[in-house]
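Everything on this sheet refers to the single structure shown next.
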Protein chains: 2
Amino acid sequence: MKATIYDIAKEAGVSIATVSKVINAKGKISQEKRSEIIAIMDRLNYQPSVIASALTGKHTYTLGLLIPDIANPFFAEVARAVEQRGHELGYSVIICGTDNRNERIEQYISVLRQKQVDGIIIGTGVGDTSMLRDNAWSIPTVMIGREAYAGTIAHTVVSDDRQGGRDAAEHLLGLGHRRMAVLSESLEISSSRERLRGFRERLDEQGIELPLDHVRQCKYRVEDGRRQARELLALPERPTALFCCNDLLAIGALQAAKEAGISIPQELSVVSFDNTILASVTDPPLTSIAQPVEKLGATAVELLLREFRERQSQPQRAQTAAQGAQPQRIALQTELIIRSSTAAPRSRR
Amino acid sequence: MKATIYDIAKEAGVSIATVSKVINAKGKISQEKRSEIIAIMDRLNYQPSVIASALTGKHTYTLGLLIPDIANPFFAEVARAVEQRGHELGYSVIICGTDNRNERIEQYISVLRQKQVDGIIIGTGVGDTSMLRDNAWSIPTVMIGREAYAGTIAHTVVSDDRQGGRDAAEHLLGLGHRRMAVLSESLEISSSRERLRGFRERLDEQGIELPLDHVRQCKYRVEDGRRQARELLALPERPTALFCCNDLLAIGALQAAKEAGISIPQELSVVSFDNTILASVTDPPLTSIAQPVEKLGATAVELLLREFRERQSQPQRAQTAAQGAQPQRIALQTELIIRSSTAAPRSRR
DNA sequence: CTGAAAGCGCTTACAG
DNA sequence: CTGAAAGCGCTTACAG
């Protein structure tokens with residue numbers, strides 16, 4: 001059987017309280033006892049049960065991460081970042097693939113509560129706010145890549161999507177493009193809205209129009225991007241540049257262009273968003289707005305830890321609506337990565 | 001505060017034992033009491049603490065998954081499969097990105113033990129067998145995509161890598177290729193060895209030689225594939241076909257060929273392995289040996305569950321070396337997916 | 001500096 | 001059919 005704190009105590013001829021203290025480096029223990037006990041723990045290969053200590057000490061050192069799909073390269077990278085930073089700080093992470101389905105989200109949050117995770121990071125759409133609101137006061141929560149919902153007490157870490165959209169526009173404008181179109185994800189997602197908004201904003205400033213039918217909403221699959229791009233490319237006044245709200249959609253656009261015999265970047269420029277591994281692997285490689293995934297994930301974890309500390313220091317208020325600090329919102333800078341999918345439009349060459 | 005079993009019991013005017021029984025559907029409880037208690041649990045939004053129940057009932061309903069890198073598309077897909085099947089069966093999964101580093105692996109296994117996960121799925125290299133051996137008797141373990149180590153009591157689910165290698169060879173041979181080369185991952189990894197072995201075997205059967213310097217070991221990064229491919233393509237008798245042990249390496253090969261002005265598939269055929277999303281996204285799309293990831297993940301979870309049951313039914317022997325059933329080894333079929341990176345060699349056209 | 005005791009939220013024989 | 005009590009492996013005041 002695995003050794004317990006009792007085994008150690010008996011072996012060392014002390015009480016379990018004493019052993020507990022050396023484990024947690026609390027209280028004063030004489031140097032000799034301490035080292036003797038440590039030696040015994042080593043010898044018996046003793047590892048304190050997180051389960052038991054969670055039942056009293058309250059910490060499970062486990063975080064929950066909700067994302068739509070782990071196999072989507074962007075979220076896979078987010079997951080890695082969260083997991084890495086979490087591990088550095090002593091936390092494990094439970095992944096939850098929600099598929100953006102509300103029932104699943106509810107199930108997961110409920111499971112995470114039952115398992116008493118210390119915090120939750122949400123990178124998925126949450127249709128029903130109320131659930132989140134209920135949850136928020138009990139488990140520290142941070143939204144990653146999505147805006148927090150009104151009435152929710154959650155911190156937020158996002159990329160500066162709007163600026164990213166602006167940068168994409170700026171790049172294309174600089175190359176001389178005037179007729180542009182957009183492949184967007186569902187505009188229900190805040191980040192998509194912001195990217196589009198930034199893009200359009202910059203165009204507006206230059207007095208360039210972005211007709212409504214030049215903005216297409218897609219799911220986040222390659223196939224959707226391809227279909228919508230096909231239609232866009234069949235327009236009488238074919239756009240010379242496409243801004244795609246993620247790499248997957250951009251790949252769809254690349255495929256549609258190829259099918260139509262339209263060469264990239266000579267006849268069509270494509271800018272994508274996310275800069276996942278996919279962007280570097282296509283032909284031509286995609287010019288893309290990079291999200292600082294690493295930092296996104298790390299920041300989310302750090303915000304959570306800060307929240308833990310704050311709640312501990314003001315335990316009385318921990319259950320009131322006013323607990324914790326004010327929810328923070330952190331927007332991280334994106335970066336334009338220029339590859340080979342963009343160039344000046346032909347007419348201008 | 002969250003409601004506990006005591007709150008429910010008090011509210012219902014029964015003992016906590018009774019409440020516990022209705023939670024677990026154990027023992028006989030009168031229909032009225034049962035429904036009354038259930039109603040109260042609903043009303044108080046009661047959710048039993050997994051932590052507390054784990055301390056007695058022994059199940060945490062949590063699995064650990066060790067993989068080298070979650071952001072690697074192949075492992076991301078494995079993770080999704082494991083997570084999905086796990087969720088269906090009532091288990092959460094903690095992801096652990098090991099980066100193939102031994103210290104990390106040890107840390108993780110130790111953490112997972114402390115958290116009393118019910119089982120561990122290992123998809124990463126494990127340098128030091130002894131650790132695994134020590135672990136195996138205490139936590140049910142299954143290897144996924146890697147062979148179990150000698151002396152280890154772990155089940156194994158793999159793709160039939162050898163057959164996959166054979167199929168790749170067969171495909172290339174059928175197209176008429178004779179001069180071939182291989183981009184492999186480290187041959188310390190059993191799956192890489194098997195792929196190469198199957199490939200070479202089939203060539204041997206046709207009396208075709210695969211010179212030693214035509215087999216290059218790479219890490220699993222695009223850049224390595226590119227560098228090694230560059231060398232291969234500079235050989236005086238340049239190979240007409242390349243078998244790459246994963247998609248990443250194949251992408252490197254594609255890039256090297258492009259740099260060298262070698263057109264694919266006209267002048268060089270490329271077959272990859274894994275068939276991740278990357279294979280469908282390159283230009284040209286890659287002919288690839290698909291691993292049945294979905295099934296791989298699901299099977300791993302199922303083997304674990306079976307092991308749980310077996311250990312429960314023979315608790316006496318659970319701590320002896322002979323516990324559980326014999327370790328199983330399941331090899332799943334791969335599938336050749338033909339895309340556009342392979343064709344007959346030029347000389348033969 | 002050290003220990004006895006209560007308690008965390010459950011489950012599980014064992015009585016009744 | 002129902003409940004009292006012990007126990008799971010820890011932590012935390014509180015005494016000494």
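Heavy atoms only: backbone and side chains are in, while hydrogens, waters and symmetry mates are out. Chain letters run A, B, ... following the sequence lines, proteins first, then strands; residues in each count from 1.
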Taking only residues two or more places apart in sequence, or in another chain, which ones meet B/E11 in a side-chain hydrogen bond (donor to acceptor under 3.5 Å, both in side chains)? B/R43

What string of B, S and - do you get for nucleotides 10-16 of chain D, 5' to 3', when a contact is any protein heavy atom under 4.0 Å? BBB----

Sequence neighbours excluded, which residues qualify as side-chain hydrogen bond (donor to acceptor under 3.5 Å, both in side chains) partners of B/K21? none

For the pair A/R104 (side chain) and A/G97 (backbone), establish whether a donor and an acceptor sit closer than 3.5 Å, ignoring hydrogens and angles. yes

Take B/Q328 and B/T156 through the side chain to side chain donor-acceptor pair (under 3.5 Å) test and state the conclusion after the steps. CA-CA 6 Å; B/Q328 292 209 350; B/T156 309; over 6 Å; no

To the nearest Å, give me how far apart CG (B/D7) and C1' (C/dC8) are. 13 Å

Integer-rounded Å distance: D/dA6 P and B/L55 CG: 17 Å

Let me spell it out: for each of B/T18 and B/Q116, pick the nucleotide of DNA chain D with the closest heavy atom. Which residue's pick is nearer the 5' end? B/T18

I'd like to check the salt bridge (Lys or Arg N to Asp or Glu O under 4.0 Å) partners of A/R306; sequence neighbours left out, ordered by chain and number. none

Whole angstroms only, please: what is the CD1-C1' distance between B/I51 and D/dC8? 13 Å

If I take atom CD in residue B/E36 and atom C1' in nucleotide D/dT2, what distance separates them, rounded to the nearest angstrom? 14 Å

Separation of atom CD in B/Q114 from atom P in D/dG9, rounded to whole Å: 15 Å

Determine: side-chain N/O of A/K33 to OP1/OP2 of C/dC1, distance under 4.0 Å, yes or no. no

Do A/Y91 and A/F308 have ring centroids that are under 6.0 Å from one another? yes

Which residue pairs pass the salt bridge (charged side-chain N to carboxylate O under 4.0 Å, His left out) test with at least one member in residues 80-92 of chain A, sequence neighbours excluded? A/R80-B/D69, A/R85-A/E88, A/R85-A/E302

Looking at A/A52, is its backbone amide N or carbonyl O close enough to the side chain of A/S49 to form a donor-acceptor pair, meaning the two atoms are under 3.5 Å apart? yes

Strand DNA chain D in bracket notation, Watson-Crick/G-U under 3.5 Å with | for pairs to another chain: |||.||||||||.|||

